[in-house]
Amino acid sequence: MVEPQSAWQTAAILIARLIFAAMFAMAVAFKFMDMGATAGYIAAAGFPFPLFLAWCAAILETLLVIAFLTGAFLTPAALIGAVYVIFLAFAFHGPSHWATDQAEFGAFMSHFPFAAGLLFAAVHGPGSVLAVRQGWPGRA
């Protein structure tokens, strides 16, 4: 049995979903503004097929934005988002970067609270308001 949400809980969930959507929307907007620069950043990290991977990242982030805005498939989207964010932390800001630029440690660490929030969202779902109820059984 699902307990009804209070007004503040409903507002908090909607605000959190909007924050997650905004974070990924900003990331995808920068990719679409200069896909070549994104590909260059990916290539500099040593990954093959950087332009293909840049497009894959842009598509994934777009799908995450849609999931957070609609609530559809929110649980799997939040789980995928959490894994993606941790991957980005290690791939682009990991320990090999810290010796040359201490700010990279801060960038690395900033990914973990974001991932924690995504995991929390995965557990609790999209809330009961403004959410398309699609997704894994028992959870959207």
Side-chain angles (χ1 to χ4, degrees):
M1 186 167 127
V2 178
E3 293 183 30
Q5 292 175 339
S6 68
W8 78 266
Q9 289 171 319
T10 299
I13 291 169
L14 290 175
I15 291 167
R17 283 176 40 203
L18 288 174
I19 291 169
F20 289 138
M23 295 294 290
F24 285 113
M26 285 188 284
V28 79
F30 285 119
K31 285 173 182 63
F32 284 131
M33 284 191 289
D34 193 349
M35 196 62 74
T38 301
Y41 194 62
I42 291 169
F47 290 99
F49 313 110
L51 187 59
F52 172 75
L53 291 176
W55 277 102
C56 288
I59 291 166
L60 172 64
E61 291 167 357
T62 300
L63 293 172
L64 291 172
V65 169
I66 293 167
F68 287 116
L69 290 177
T70 65
F73 301 100
L74 189 125
T75 293
L79 289 171
I80 290 166
V83 170
Y84 178 64
V85 166
I86 297 302
F87 163 76
L88 294 175
F90 281 98
F92 296 100
H93 307 287
S96 64
H97 297 83
W98 302 344
T100 57
D101 185 359
Q102 289 184 337
E104 287 292 335
F105 179 73
F108 174 78
M109 292 304 294
S110 72
H111 286 71
F112 291 89
F114 189 29
L118 289 165
L119 291 173
F120 198 84
V123 169
H124 291 282
S128 60
V129 176
L130 296 176
V132 176
R133 302 308 260 168
Q134 294 180 354
W136 289 351
R139 232 349 117 205

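All values below were derived from every heavy atom in this structure, side-chain atoms included, with hydrogens, water molecules and symmetry-related copies excluded.
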Visitor: What class does the angle between the rings of Phe92 and Phe87 fall in, given that below 30° is parallel, 30 to 60° is tilted and above 60° is perpendicular?
Guide: perpendicular
Visitor: Phe32 and Trp55: aromatic ring centres closer than 6.0 Å?
Guide: yes
Visitor: Between Ala82 and Ala115, which heavy-atom pair has the shortest distance, and what is it?
Guide: CB-O, 3.9 Å
Visitor: Which pair of heavy atoms, one from Arg17 and one from Gly71, lies closest together, and at what distance?
Guide: NH2-N, 3.4 Å
Visitor: To the nearest 0.5 Å, tell me how far Tyr41 OH sits from Asp34 CG.
Guide: 14.0 Å
Visitor: With respect to Phe24, which candidate in Leu63, Val85, Thr62 satisfies the side chain to side chain contact (heavy atoms under 4.5 Å, CB included) definition?
Guide: Val85
Visitor: Can you confirm whether Trp98 is buried at CH2, in the sense that more than 12 heavy atoms of other residues, nucleotides or ligands lie under 6.0 Å from that atom?
Guide: yes
Visitor: Would you say Leu18 and Leu69 make side-chain contact, with heavy atoms under 4.5 Å?
Guide: yes
Visitor: Under a 4.5 Å side-chain heavy-atom rule over Ile, Leu, Val, Met, Phe, Trp and Tyr, are Leu53 and Leu64 clustered together?
Guide: yes
Visitor: Is it true that Ile19 and Phe114 fall in one hydrophobic cluster, defined by side-chain heavy atoms closer than 4.5 Å?
Guide: yes
Visitor: Take Ile86 and Phe112, measure what side-chain contact (heavy atoms from CB on, under 4.5 Å) needs, and give me the verdict at the end.
Guide: CA-CA 7 Å; Ile86 297 302; Phe112 291 89; 3.4 Å; yes
Visitor: The test is side-chain contact (heavy atoms from CB on, under 4.5 Å); show your working for His111 and Leu88 and say whether it passes.
Guide: CA-CA 8 Å; His111 286 71; Leu88 294 175; 4.1 Å; yes
Visitor: Which heavy atom of Ala54 sits nearest a heavy atom of Ala39, and at what distance?
Guide: CB-N, 4.1 Å
Visitor: Any link between Ile15 and Ile66 through a network of hydrophobic side chains (Ile, Leu, Val, Met, Phe, Trp, Tyr) touching at under 4.5 Å?
Guide: no
Visitor: What's the spacing between Phe73 CZ and Leu79 CG if we round to 0.5 Å?
Guide: 14.0 Å
Visitor: Can you tell me how the ring of Phe68 sits relative to the ring of Phe20, calling it parallel under 30°, perpendicular over 60° and tilted otherwise?
Guide: tilted
Visitor: Considering non-hydrogen atoms only, spot the tightest contact between Gly94 and Phe108 and give its length.
Guide: CA-CD1, 3.9 Å
Visitor: Show the nearest heavy-atom pair for residues Ala45 and Ala91, with the distance to one decimal.
Guide: CB-O, 4.1 Å
Visitor: Is there a chain of hydrophobic side chains (I, L, V, M, F, W, Y, each step under 4.5 Å between heavy atoms) that links Phe47 to Met35?
Guide: no
Visitor: For Glu61, which residues count as a salt bridge (Lys or Arg N to Asp or Glu O under 4.0 Å) partner, sequence neighbours excluded?
Guide: Lys31
Visitor: Compare all side-chain heavy atoms of Ile13 with those of His124 and state whether any distance is below 4.5 angstrom.
Guide: no
Visitor: Between Thr75 and Ala122 (side chain of the first, backbone of the second, donor and acceptor by atom type, cut-off under 3.5 Å), is there such a pair?
Guide: yes
Visitor: Are Met26 and Leu118 joined in one hydrophobic group, where the rule is that I, L, V, M, F, W and Y side chains link up if heavy atoms are under 4.5 Å apart?
Guide: yes
Visitor: Could you tell me which non-hydrogen atom of Val65 sits nearest to which non-hydrogen atom of Ala21, and how far apart they are?
Guide: CG2-O, 3.5 Å
Visitor: Decide side-chain contact (heavy atoms from CB on, under 4.5 Å) for Ile80 and Leu60; before the verdict, give the C-alpha distance in whole Å, the side-chain angles of both, and the deciding distance to 0.1 Å.
Guide: CA-CA 9 Å; Ile80 290 166; Leu60 172 64; 3.9 Å; yes
Visitor: Please check if atom CZ in Phe49 has more than 12 non-hydrogen atoms from other residues, nucleotides or ligands closer than 6.0 Å.
Guide: no
Visitor: Whether the side chain of Gln9 engages the backbone of Ser6 through a donor-acceptor N/O pair (distance < 3.5 Å, no angle test) should be reported.
Guide: yes
